[in-house]
Visitor: 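Below you'll find the structure I mean.
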Number of protein chains: 2
Amino acid sequence: MIRRIPSARERGIPDATVARLPVYLRALNGLAERGTATVSSEDLALAAGVNSAKLRKDLSHLGSYGTRGVGYDVQYLIYQISRELGLTQDWAVAIVGVGNLGRALANYGGFVSRGFRVAGLLDADPGVVGDRIAGLVVEHIDGLESVILNRGVSIVVIATPAAAAQQVADRVIAAGVTSILNFAPVVLTVPDGVDVRKVDLSIELQILAFHEQRKVTGGAMLPEDWAGEVG
Amino acid sequence: MIRRIPSARERGIPDATVARLPVYLRALNGLAERGTATVSSEDLALAAGVNSAKLRKDLSHLGSYGTRGVGYDVQYLIYQISRELGLTQDWAVAIVGVGNLGRALANYGGFVSRGFRVAGLLDADPGVVGDRIAGLVVEHIDGLESVILNRGVSIVVIATPAAAAQQVADRVIAAGVTSILNFAPVVLTVPDGVDVRKVDLSIELQILAFHEQRKVTGGAMLPEDWAGEVG
DNA sequence: GTCCCCTTGTGAACGGATGCACAAAGTGGG
DNA sequence: CCCACTTTGTGCATCCGTTCACAAGGGGAC
Ligand SMILES: NC(=O)c1ccc[n+]([C@@H]2O[C@H](COP(=O)([O-])OP(=O)(O)OC[C@H]3O[C@@H](n4cnc5c(N)ncnc54)[C@H](O)[C@@H]3O)[C@@H](O)[C@H]2O)c1
Ligand SMILES: NC(=O)c1ccc[n+]([C@@H]2O[C@H](COP(=O)([O-])OP(=O)(O)OC[C@H]3O[C@@H](n4cnc5c(N)ncnc54)[C@H](O)[C@@H]3O)[C@@H](O)[C@H]2O)c1
C-alpha cells in the first residue's frame, strides 16, 4: 500500500482557513482601533461573519494563542496572523495594464496599508506610458523584466485586456514571478509552482443572477415549466 | 415549523457547480467564435481549466445535453447554460459609489455583453453628481430607492468607502434588492434571503502573500501547498 | 488554597466536492 | 446488420471543510 500519508501538510494550514485569516485580521484591526484589548471567539466570529467553532479551529492551526476563560489578546493575535500571512514584510507589486481598472487599483489606498507597495506600473500603449498616477510614472511594457528583477517584485497584478493576459503571465513567470492576481476574464495556463488567483466581476454577477432567477421563478412556477419556453 | 432552506439548490445544482458554469460559458463562447460546432468534455475541460469528470458531472446537473461518442453541441450548450444562469433575460444593475473603482466598473464593456445593463450610477458627493460616465449621468444617492424601483434594478454593486457600505446595503435591501456585489472591505450584515458576494482585492493579495512566503521560507514545503488554484 | 465559572481547543459526526473507473449509449465503417 | 470505437453520465471511494458538543484549562472571588 503506497498511499500518501494523510499528515502530508507539514505545518499545513487548510486553504479555507488561509482565505479567512485576512477577514479575521480586518475585524481585529477594527477592534484594536476601538481600544479593545481582548476578544472572545464568539465576538470575533460575529465581527468576521463566521461560526465561532470555525474561527477557533482556524486559529488553532496557527497555534494556541488564546487563554481559556478569557479569549484572545487582540494585539497579539493581530501580530500572529500578520506573521503567518507574511504581512510583517513588505511586498513589491507591479500592475500591468493601466487602463480604467489599473488606474483604480493604482490609486487604491488600501494597498499600502497592509504590507503591499506598488513598485511599478506598466502598459503597452505609448499614449499611457509617461502618465503619472499615484506618484508613479507608467513605464513601457518592454521594461517588464527589468522592473521585476531590479525592484524585487514578487506579485504581479494583471489588468490588461483578456487577449494580452496570457502573454503577460508567460513573461512575468519567465522573469521569476510565482504569484499572480488576474483581473482579465481568461483562464491562465501556468506551470506548477505558480499561484494564480483571479478576480472576475462577470462571474460574480452571473452567480448572483442565477440565484436571483431562482428567487423570482421559485415561488411562482415550477422550474420545469421554463424548459423550451425561450427561443 | 418550516425552516427556510439556506440557499442555492432548488432543483439541486451545487454551489460549486454554479460558480463554474460562467467559466464554461466563457470557454464555449471562445470556441463558438472560432467556429467549433461540437466539443468533447475533455477539450472543454482543458479550455476551462478543470478536470473533465468534474465538468461532465457539472453539466449533468443541468440535464443530459451531450451525445455519447460525439460530445456537446457548442451552441446548444451555450444556450442551456445561459438559460440556467438566467442570462437569457436582462438584468438592471445600479452602481453605488462612483469613485475610482465605480468609474472603472461603469466603463467596463464586459458588463453589457452578458445580459447585464448598468441602469444607474449613484454617489453622495455633489462634486460627482452630474458627471457623465459611459453615457449615464451620476445621480444623487437620495434618489436610490426611486432608481431601484422605477428601473427594475435587481442587482446593486457597492463601490463606496467601507464606512458607507452597510448603510447603503440596508437601504437597497429595504427597497427590495436581494442581490448585492460588494467591493468595500467590510462584512455586510444582511437578512436571510439576501445574497451578498464580495470582491476583495486586499484579501486576494494576502492569500498570495501567504503562499509566496511559504515558497521563500519553505524548505518544509510540499507540492500540495502551492498547486495552482485557478477556479 | 479551593471552587466555580468561563472560554478555548479538539474529537467526532456529517455533508459536500472531487476524481477514478466503467457501464451505457451513440456513431460510423464495412 | 454488426462491430469497433468514442465519449457521456454516474456509482463509489476518498478527501476536505463545517459544525456540534464537551473535556480541559485558566482566572478570579473569597
Ligand atoms: N474595468 C473594470 O471594471 C473591469 C472589471 C472586470 C474585469 N475587467 C478586466 O480587466 C482588464 C482591464 O480592464 P480595463 O477596463 O482597465 O481595460 P482598459 O482597456 O481600460 O485597459 C487595459 C490597458 O491594458 C493595456 N495593455 C494592452 N495590452 C497590453 C500588454 N500586452 N501589456 C501591457 N499593457 C497592455 C492597454 O494599453 C490599456 O491601457 C480587462 O481584461 C477587463 O476585462 C475590468
Ligand atoms: N480602487 C480600487 O482599486 C479598490 C480595490 C479594492 C477595493 N476597493 C474598495 O472599493 C471602494 C471604492 O474604492 P474607490 O477607490 O473607488 O474609492 P473612492 O473614494 O475613489 O470612491 C468612493 C465613492 O463613494 C462615494 N460615496 C461615499 N459615501 C457614499 C454614500 N454613502 N453613498 C453613495 N456614495 C458614497 C464617494 O463620494 C466616492 O465617489 C472602497 O471601499 C475601497 O476600499 C477599491
Visitor: Measure the distance from CG on A:Leu55 to C1' on C:dT7 and round it to the nearest whole Å.
Guide: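 Distance check: A:Leu55 CG to C:dT7 C1' gives 12 Å.
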Visitor: Distance check needed: C:dT8 C1' versus A:Leu77 CG, whole Å only.
Guide: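 A:Leu77 atom CG is separated from C:dT8 atom C1' by 13 Å.
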Visitor: For B:Tyr76, check ring-ring contact (aromatic ring centres under 6.0 Å, His included) against everything at least two apart and list the hits.
Guide: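 Applying ring-ring contact (aromatic ring centres under 6.0 Å, His included) to B:Tyr76 gives B:Tyr65.
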Visitor: When you get a sec, tell me which of C:dG11, C:dT27, C:dA23 is the closest nucleotide to the side chain of B:Val70?
Guide: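 Between C:dG11, C:dT27, C:dA23, the one nearest the side chain of B:Val70 would be C:dT27.
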Visitor: Give a yes/no on whether any side-chain N or O of A:Asn51 is located under 4.0 angstrom from OP1 or OP2 of D:dC20.
Guide: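 Looking at the OP1 and OP2 atoms of D:dC20, one of them is under 4.0 Å from a side-chain N or O of A:Asn51.
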Visitor: Please tell me if the side chains of B:Gln206 and A:Leu21 come closer than 4.5 Å, counting only heavy atoms from C-beta onward.
Guide: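 No. Closest side-chain heavy atoms not under 4.5 Å.
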Visitor: Base, sugar-phosphate or nothing for B:Ser64? Non-hydrogen atoms, less than 4.0 Å.
Guide: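 Counting heavy atoms under 4.0 Å across all strands, the contact made by B:Ser64 is with sugar-phosphate only.
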Visitor: Mapping A:Ala16 and A:Ala53 onto DNA chain D by nearest heavy atom, which one lands closer to the 5' end?
Guide: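 The 5'-side residue here is A:Ala16.
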Visitor: Verify the distance criterion only: is there a donor paired with an acceptor across the side chains of B:Glu212 and A:Ser154 at less than 3.5 Å?
Guide: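 Distance-only check fails for B:Glu212 and A:Ser154.
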Visitor: With respect to the phosphate group of C:dG9, does any side-chain polar atom (N or O) of A:Tyr72 fall under 4.0 Å of OP1 or OP2?
Guide: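 Looking at the OP1 and OP2 atoms of C:dG9, one of them is under 4.0 Å from a side-chain N or O of A:Tyr72.
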Visitor: Could you check how far CG of A:Asp58 sits from P of D:dT19, rounded to whole Å?
Guide: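 Result: 11 Å.
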Visitor: Is any NZ, NE, NH1 or NH2 atom of the basic residue among B:Arg26 and A:Asp200 found under 4.0 Å from an Asp or Glu carboxylate oxygen of the other?
Guide: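 Yes, B:Arg26 and A:Asp200 are salt-bridged.
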Visitor: Using atom OH of B:Tyr76 as one end and atom P of D:dT8 as the other, report the distance to the nearest whole Å.
Guide: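 Rounding to the nearest Å, OH of B:Tyr76 and P of D:dT8 are 16 Å apart.
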Visitor: Hey, could you give me the CD1/CG distance between A:Ile78 and A:Leu25, rounded to the nearest 0.5 Å?
Guide: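 Taking CD1 in A:Ile78 and CG in A:Leu25, the distance rounds to 6.5 Å.
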Visitor: Nearest to the A:Thr67 side chain among D:dG27, D:dG9, C:dG26, which nucleotide is it?
Guide: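 When the side chain of A:Thr67 is considered, D:dG27 is the closest of D:dG27, D:dG9, C:dG26.
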Visitor: Whole angstroms only, please: what is the CZ-C1' distance between A:Arg20 and D:dG17?
Guide: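 Taking atom C1' of D:dG17 as the reference, CZ of A:Arg20 is at 8 Å.
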Visitor: Measuring to OP1 and OP2 of D:dG28, would you say a side-chain N or O of A:Arg68 lies under 4.0 angstrom away?
Guide: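 Answer no for this pair, as no side-chain N or O of A:Arg68 is under 4.0 Å from OP1 or OP2.
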Visitor: What is the separation between atom NE2 on A:His61 and atom P on D:dC16, rounded to the nearest whole Å?
Guide: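 Result: 12 Å.
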Visitor: According to a strict under-4.0 Å criterion, is A:Arg56 in side-chain N/O contact with OP1 or OP2 of D:dT18?
Guide: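 Result: no.
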Visitor: Could you identify which residues of residues 35-46 of chain A place a heavy atom less than 4.0 Å from some atom of DNA chain D, listed by residue number, or say none?
Guide: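 DNA chain D contact set from residues 35-46 of chain A: none.
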Visitor: Using heavy-atom distances to pick each residue's nearest nucleotide on DNA chain C, tell me which of A:Gly69 and A:Lys57 is more 5'.
Guide: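 Mapping each residue to its closest nucleotide by heavy atoms, the 5'-most match is A:Gly69.
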Visitor: Please examine the side chains of A:Leu201 and B:Leu181, heavy atoms only from C-beta on, and report whether any two atoms are closer than 4.5 Å.
Guide: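 SC-SC contact between B:Leu181 and A:Leu201 confirmed.
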Visitor: Take the protein atom CG of B:Asp15 and the nucleotide atom P of D:dG17, then report the distance between them rounded to whole Å.
Guide: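 Going from B:Asp15 (CG) to D:dG17 (P), I get 16 Å.
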Visitor: side-chain hydrogen bond (donor to acceptor under 3.5 Å, both in side chains), that's the test. Do A:Asp170 and A:Gln166 meet it? Break it down for me.
Guide: CA-CA 6 Å; A:Asp170 292 344; A:Gln166 181 66 58; 2.9 Å; yes
Visitor: Is A:Glu42 salt-bridged to A:Arg56, going by a charged N under 4.0 Å from an acidic O?
Guide: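 So A:Glu42 does not pair with A:Arg56 through a salt bridge.
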Visitor: Could you tell me whether A:Thr17 contacts a base, only the sugar-phosphate backbone, or nothing, with contacts defined as non-hydrogen atoms closer than 4.0 Å?
Guide: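 Answer is nothing: A:Thr17 stays at 4.0 Å or more from every strand.
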Visitor: Quickly work out the B:Asp73 CG to D:dT8 P distance and round it to whole Å.
Guide: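 So the CG-P distance, B:Asp73 to D:dT8, works out to 13 Å.
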